[in-house]
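Each remark here refers to the structure printed beneath this line.
Each ligand, and each atom within it, is numbered from 1 in the order the structure gives.
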Amino acid sequence: MTKSSNLGYPRIGEKREWKKALEQYWKGNIGEQELQTELENLRLYDLKKQKDLGIDLIPVGDFSLYDHVLDTAVMFGLIPERFQHQDEKSLQTYFDIARGNKDAVASEMTKWFNTNYHYIVPEVSSETEPRLVENRLLPYFLEAKEKHGIIGKPVLLGPVSLLKLAKGYENKDFDKLVEKLVPLYIQVLQQLELAGAEWVQIDEPILATTLTEYDINVFKKVYQSIDSKLSSLNVLLQTYFESVDHYEEVVSLPVAGIGLDFVHDEGANLEALKKYGFPADKSLAAGIINGRNIWKDDLNTSLTVLETLRSFVNEDRLIVQPSCSLLHVPVTVETEYELHPQLKNALAFADQKLEEINLLTEGLNKGRQTVEKKLTDQAHCREQLWKSASRNNEDVQKEVEFWKGVEPTREQHFAKRQTIHQNFFNLPLLPTTTIGSLPQTTDIRQGRLKWRRGDWSDADYQDFVEANIKEWVARQEEIGLDVLIHGEFERNDMVEFFGEKLDGFAFTRYAWVQSYGSRCVKPPIIYGDIALTEPMTVKEISFAQSLTEKPVKGMLTGPITILNWSFVREDISEFDVTKQIALALQKEIRALEENQIHMIQVDEPALREGLPLKPKKQQQYLDEAVYAFKLATSAVKNETQIHTHMCYSEFGEIMNTIDELDADVISIEAARSHGELIADFEEQSYEKGIGLGVYDIHSPRVPEVEEMERYILRALKVLDPRQFWVNPDCGLKTRDVTETTEALTNMVKAAHHVREKVEQKSMANKG
Ligand SMILES: CN1c2c(nc(N)[nH]c2=O)NC[C@@H]1CNc1ccc(C(=O)N[C@@H](CCC(=O)N[C@@H](CCC(=O)N[C@@H](CCC(=O)O)C(=O)O)C(=O)O)C(=O)O)cc1
Ligand SMILES: N[C@@H](CCS)C(=O)O
Ligand SMILES: [Zn+2]
């Protein structure tokens with residue numbers, strides 16, 4: 001019999017119970033015991049649901065109190081030195097590493113491969129001595145067994161991926177560190193074996209990236225050692241997000257099962273399997289349902305792929321599963337009462353995906369005819385949406401066609417624009433600004449809720465938003481910032497907000513997905529052709545500008561970020577969707593200019609995240625990203641200064657692309673990654689305006705003036721003061737009013753101190 005399996009279930013709960021419990025705990029409103037009880041209830045509910053949905057191999061230990069990479073690091077004693085004096089098993093230490101405390105900065109946070117999920121980067125030095133602090137999988141395994149009679153499949157991030165994702169050690173010490181970790185992994189696995197586990201899923205997502213022969217040899221050694229120490233426990237080596245480059249070697253690793261993604265990378269894993277076969281003594285866990293999108297699957301095609309796989313793999317050794325953990329999709333479509341039925345019928349979130357897996361497994365085990373009717377019904381639901389009028393907006397399609405082959409370019413080169421901007425804005429050296437959002441307090445979110453529920457009229461809500469803008473324009477002036485922002489108070493999220501305003505997007509009520517820690521996002525759904533029907537941001541930004549003599553930066557989200565942070569239709573290319581978004585933004589930018597907004601920031605924080613994992617696909621993606629950004633931003637007047645912003649990714653390798661965007665100023669996160677980005681500018685020259693974040697906005701800690709001064713001075717070792725801007729790492733929506741006011745006041749002081757130093761130096765040089 002073929003089995004069904006899941007790789008990971010969303011941890012946040014149907015109504016974000018997880019997030020609410022965590023935040024209540026952090027605020028001190030509930031204690032640790034209450035938090036743990038709340039989370040246990042949630043876990044047990046989710047386990048039961050998966051069991052009821054008919055899943056044979058249910059993951060345990062995929063749950064986390066913050067992030068699974070942090071869990072694995074802490075479990076093996078990979079605790080940053082600055083937290084080592086704290087109790088290594090305490091919840092306080094765990095959360096402090098993730099969030100920082102008043103004495104110590106948090107660990108870096110970065111994107112989990114090409115997703116909008118962020119993990120906490122483990123800090124490992126060449127001298128680190130890992131040790132098993134506690135086997136955190138064991139209680140999860142026992143809980144599932146005792147409470148629901150489920151023999152769960154513990155999930156664990158593998159040692160090679162863990163170290164590849166970590167930072168702080170020299171490459172030459174990689175082997176040595178892996179060797180130290182392996183016996184600890186073995187201990188964990190042996191304890192699970194003893195407790196009765198039959199399968200364990202070891203995630204090695206790094207196998208879907210490009211690795212060297214050397215790395216592959218490390219894999220061989222690691223899994224050989226693990227295999228030699230286990231007797232009954234079956235190791236399932238799990239890969240996801242792309243195909244594996246070294247197919248033959250990967251499937252030959254000494255493990256009981258291999259998990260492969262049969263959804264992404266245009267069937268490359270399937271091709272490799274057909275060419276090289278699959279070892280007869282291993283199980284194949286076939287990732288056949290897309291864990292990254294929310295569309296109902298084309299089950300007919302998937303069943304055909306599975307039937308092909310079955311001709312290579314014995315039916316008892318075939319496992320049907322999603323392509324990756326369901327962490328990246330919302331929990332259930334059931335509660336989306338307000339969606340148009342045509343759209344709702346075409347959607348599958350985590351629970352519906354598990355139903356699809358069950359159905360495919362049944363189709364394999366009992367024959368296609370037993371599920372034929374359900375397959376036909378599902379195909380019909382898909383077709384209804386596919387051929388709907390929303391996908392046929394002729395005006396939009398003609399405009400996209402018109403731009404084909406046209407290279408959008410600004411009228412003047414940067415050097416000329418720079419002079420025009422200097423005269424136009426007359427900003428001081430090291431101008432200070434922020435990234436766009438200001439604190440989204442409970443008061444603001446409650447106000448929006450009242451408006452959405454109809455307790456407030458549109459006019460009430462508009463007055464409320466304007467009152468906040470007014471208060472904060474005054475506060476920004478008082479603090480002494482040079483370039484102001486309106487604060488994004490009217491926005492629930494930087495992508496969802498635009499999705500709500502543009503044609504072709506649908507938005508949901510509960511379809512949340514974890515982004516980092518307790519923070520969630522509700523990606524809008526791009527189901528049709530995208531069009532701008534009326535200006536989206538002009539009212540609030542013009543209002544802010546009317547209150548001050550200082551420039552107010554208009555604030556938009558860029559085409560690639562809107563694309564990457566939405567769930568996207570699959571009937572046309574992503575590039576065509578991006579161009580539709582870019583053309584809508586082009587119109588919005590024109591409207592802002594017509595309303596006297598001369599500085600416009602077009603955020604692209606997801607540009608780097610979306611970089612394909614396979615190098616062969618990267619250049620095309622980057623070219624398309626540049627094209628879309630320029631399509632949105634190039635048609636502006638010479639005096640208009642275009643800004644962009646990026647955060648929480650590795651930027652070194654895309655510096656050329658950043659330059660090609662031709663934005664006049666870019667602000668990039670740098671402080672949370674502990675200043676690492678500055679080194680990239682030692683190797684590469686960059687001439688346009690740039691603000692490297694001088695403080696981490698994800699930590700409640702308010703940085704001192706001197707600390708930020710040091711950041712600025714460090715950056716000025718490699719960047720010219722005439723190009724440098726002073727700003728935080730990212731938007732301030734997650735911070736409170738006091739923290740924000742204090743931190744920005746300190747930031748402005750730091751900028752002024754350095755400005756004076758630079759001016760004195762320049763005078764001295766002239767003298
Ligand atoms: C910059 N980042 C973003 C990413 N992705 C995005 N799509 N958006 C981003 O901004 N990826 C990279 C980073 C990740 N950073 C963040 C930062 C902050 C958040 C965040 O704060 N998320 C909020 C949800 C925001 C939101 O939509 N809020 C709604 C309110 C929804 C709600 O909870 N309503 C309640 C009632 C209101 C209440 O009582 O508070 C309800 O319906 O019950 C709004 O403002 O209207 C979060 O809470 O997690 C995300 C990513
Ligand atoms: N303008 C946005 C960018 C976040 S990446 C903000 O400030 O929140
Ligand atoms: Zn940002």
Side-chain angles (χ1 to χ4, degrees), residues 12-20 22-24 109-112 115-119 328 335 433-453 461 465 468 485-500 507-524 537 541 553-558 560-567 600-610 643-649 651 666-673 691 693 696-698 727-736 740:
I12 60 176
E14 285 172 16
K15 300 272 163 66
R16 288 181 302 158
E17 295 83 349
W18 181 81
K19 169 207 171 63
K20 289 169 192 160
L22 276 175
E23 291 180 359
Q24 286 303 310
M109 177 170 89
T110 200
K111 300 280 177 182
W112 176 244
T115 75
N116 191 10
Y117 176 82
H118 305 65
Y119 70 94
H328 309 290
T335 42
T433 190
T434 54
I435 305 303
S437 59
L438 286 167
Q440 282 272 339
T441 57
T442 310
D443 187 40
I444 287 167
R445 294 207 199 276
Q446 287 299 326
R448 185 155 39 249
L449 191 64
K450 283 184 198 152
W451 167 62
R452 287 208 194 272
R453 285 188 177 150
Y461 182 57
V465 169
N468 278 287
I485 37 95
H486 77 290
E488 302 183 24
F489 301 111
E490 76 288 10
R491 303 182 190 179
N492 44 5
D493 172 72
M494 60 183 288
V495 168
E496 198 184 6
F497 169 80
F498 291 96
E500 287 178 9
F507 49 94
T508 56
R509 178 79 176 86
Y510 297 110
W512 295 96
V513 178
Q514 187 190 358
S515 180
Y516 74 88
S518 68
R519 298 285 172 175
C520 300
V521 293
K522 194 143 53 66
T537 63
I541 295 168
K553 224 178 357 169
M555 201 55 62
L556 301 173
T557 304
I560 292 288
T561 298
I562 293 187
L563 180 98
N564 282 346
W565 290 353
S566 300
F567 290 119
I600 300 171
Q601 181 173 309
V602 179
D603 293 324
E604 281 294 22
L607 191 151
R608 168 63 182 86
E609 152 200 323
H643 290 229
T644 189
H645 160 75
M646 296 181 190
C647 48
Y648 310 107
S649 287
F651 294 105
I666 180 165
S667 53
I668 314 194
E669 166 261 336
R672 175 78 188 232
S673 44
D696 169 25
I697 53 83
H698 284 110
N727 49 254
D729 267 359
C730 183
L732 295 158
K733 60 186 158 207
T734 59
R735 303 274 49 94
D736 72 22
T740 302

- With side chains defined as the heavy atoms from C-beta onward, is the minimum distance between R491 and K733 less than 4.5 Å? no
- So how far is it from S437 OG to R735 CZ, rounded to the nearest 0.5 Å? 11.0 Å
- Item | Heavy atom of the protein closest to atom 2 (C) of ligand 2 (residue, atom name, distance) | D603 OD2, 3.4 Å
- Task: Using distance alone, decide if ligand 1 has a nitrogen or oxygen within less than 3.5 Å of any nitrogen or oxygen in W565.
- Result: no
- of all protein heavy atoms, closest to atom 11 (N) of ligand 1 is N116 OD1, 2.7 Å
- Item | Residue H118 vicinity, atoms of ligand 1 by number, heavy atom under 4.0 Å | 11 (N), 12 (C), 14 (C)
- Report, in ascending order of atom number, the atoms of ligand 1 lying under 4.0 Å from any heavy atom of V521. 5 (N), 6 (C), 7 (N), 8 (N), 50 (C), 51 (C)
- Check ligand 2 against P605 and write out every atom of the ligand that is under 4.0 Å from a heavy-atom position of the residue. 5 (S)
- Take the angle between the ring planes of Y461 and W451 and call it parallel below 30°, perpendicular above 60°, tilted in between. parallel
- Message: Check this for me - ligand 2, M555, N or O atoms closer than 3.5 angstrom, yes or no?
- Response: no
- Task: Number the atoms of ligand 2 from 1 as they appear, then name those within less than 4.0 Å of a heavy atom of C647, with their elements.
- Result: 5 (S)
- Query: Out of Y117, F507, F489, W512, whose heavy atom sits nearest atom 31 (C) of ligand 1?
  - Reply: W512
- Query: What protein N/O/S atoms are found closer than 2.8 Å to the Zn ion (ligand 3)?
  - Reply: H645 NE2, C647 SG, C730 SG
- Does the side chain of R509 come within less than 4.5 Å of T335's, by heavy atoms? no
- Task: Find out whether Q514 and W18 are in side-chain contact, i.e. whether some heavy atom of one side chain is under 4.5 Å from a heavy atom of the other.
- Result: yes
- Please report which non-hydrogen protein atom sits nearest to atom 16 (C) of ligand 1, along with the residue it belongs to and the distance in Å to one decimal place. Y516 CE2, 3.5 Å
- What distance separates D729 CG from M646 CE, expressed to the nearest 0.5 Å? 14.5 Å
- Query: Is the Lys NZ or Arg CZ of K15 less than 6.0 Å from the centre of Y510's six-membered ring, within 45° of the axis?
  - Reply: yes
- Using non-hydrogen atoms of the residue, decide whether L449 is closer than 4.0 angstrom to ligand 1. yes
- Task: State whether R452 and E500 are salt-bridged, where the test is any N-O pair (Lys NZ or Arg NE/NH1/NH2 against Asp/Glu carboxylate O) under 4.0 Å.
- Result: yes
- Task: Give the atoms of ligand 2, by number and element, whose distance to some non-hydrogen atom of C730 is under 4.0 Å.
- Result: 4 (C), 5 (S)
- Nearest-0.5 Å distance, CZ of residue R519 to CD1 of residue I12: 13.5 Å
- Give the residue and atom name of whichever protein heavy atom lies nearest to atom 50 (C) of ligand 1, and the separation in Å to one decimal. C520 O, 3.4 Å
- Message: With heavy-atom distances below 4.5 Å as the criterion, would you say the side chains of F498 and L556 are in contact?
- Response: yes
- Task: Find out whether Q440 and R448 are in side-chain contact, i.e. whether some heavy atom of one side chain is under 4.5 Å from a heavy atom of the other.
- Result: yes
- Message: Between ligand 1 and K111, can you find any atom pair, the residue atom being a heavy atom, that is separated by under 4.0 Å?
- Response: yes
- Give, for atom OG1 of T442 and atom CG of D736, the distance between the pair rounded to the nearest 0.5 Å. 10.0 Å
Atom pairs and distances, donor-acceptor, side-chain atoms in residues 601-609, under 3.5 Å, two or more places apart:
residue : atom : partner : partner atom : Å
Q601    : OE1  : K553    : NZ           : 2.7
Q601    : NE2  : I435    : O            : 2.8
Q601    : NE2  : D603    : OD1          : 2.6
E604    : OE1  : T561    : N            : 2.8
E604    : OE1  : T561    : OG1          : 2.5
E604    : OE2  : I560    : N            : 3.0
R608    : NE   : E650    : O            : 2.7
R608    : NH2  : E653    : OE2          : 3.0
E609    : OE1  : K111    : NZ           : 2.8
E609    : OE1  : W565    : NE1          : 3.0
E609    : OE2  : W565    : NE1          : 3.0

- Message: With respect to T734, determine whether any N or O atom, backbone or side chain, lies less than 3.5 Å from an N or O atom of ligand 1.
- Response: no
- Item | For atom 48 (O) of ligand 1, the protein heavy atom that lies nearest, with its residue and separation | K19 NZ, 2.6 Å
- Atoms of ligand 2 under 4.0 Å from any heavy atom of K733, numbered from 1 in the order shown, are 8 (O)
- Task: Using distance alone, decide if ligand 1 has a nitrogen or oxygen within less than 3.5 Å of any nitrogen or oxygen in R16.
- Result: yes
- Contact partition for K733 relative to ligand 1, non-hydrogen atoms under 4.0 Å: side chain
- Item | For H645, the ligand 2 atoms whose distance to one of its heavy atoms is below 4.0 Å | 3 (C), 5 (S)
- Do V495 and P523 touch side chain to side chain, with heavy atoms closer than 4.5 Å? no
- Message: I need the E669 CD to I697 CD1 distance, nearest 0.5 Å.
- Response: 9.0 Å
- Are any of the side-chain heavy atoms of V513 and N116 separated by less than 4.5 Å? no
- Shortest protein heavy-atom distance from atom 6 (C) of ligand 2, along with the residue and atom involved: S437 OG, 3.3 Å
- Given side chains that start at C-beta, do those of D493 and K522 come closer than 4.5 Å, heavy atoms only? no
- Expected output: side-chain H486 to main-chain G554 donor-acceptor under 3.5 Å: no
- Roughly how far, to the nearest 0.5 Å, is CH2 of W512 from CZ of R16? 4.0 Å
- Note on the structure: Residue, atom and distance of the protein heavy atom nearest atom 39 (O) of ligand 1 read Q446 NE2, 2.7 Å
- Between T740 and P439, what is the shortest heavy-atom contact and its length? OG1-CG, 3.3 Å
- Note on the structure: Any heavy atom of Y648 under 4.0 Å from ligand 1? The part involved is neither
- Query: Which part of R448 is near ligand 1, with near meaning a heavy atom under 4.0 Å away: side chain, backbone, both or neither?
  - Reply: side chain
- Minimum-distance protein heavy atom relative to atom 28 (N) of ligand 1: R445 NH1, 2.9 Å
- Note on the structure: Residues I444 and F489: closest non-hydrogen pair is CD1-CD2, 3.3 Å
- Taking both backbone and side-chain atoms of D493, is any N or O found less than 3.5 Å from an N or O belonging to ligand 1? yes
- atom 4 (C) of ligand 2: nearest protein contact (heavy atom, Å): M494 SD, 3.4 Å
- closest protein heavy atom to atom 42 (O) of ligand 1 is R509 NH1, 3.7 Å
- Task: Report the part of E609 in contact with ligand 1, treating N, CA, C, O as backbone and CB onward as side chain, heavy atoms under 4.0 Å; options are side chain, backbone, both, neither.
- Result: neither
- Query: Of the protein's non-hydrogen atoms, which lies at the shortest distance from atom 20 (C) of ligand 1, and what is that distance?
  - Reply: R519 CD, 3.6 Å
- Query: Taking the non-hydrogen atoms of E488, is any one of them nearer than 4.0 angstrom to ligand 2?
  - Reply: yes
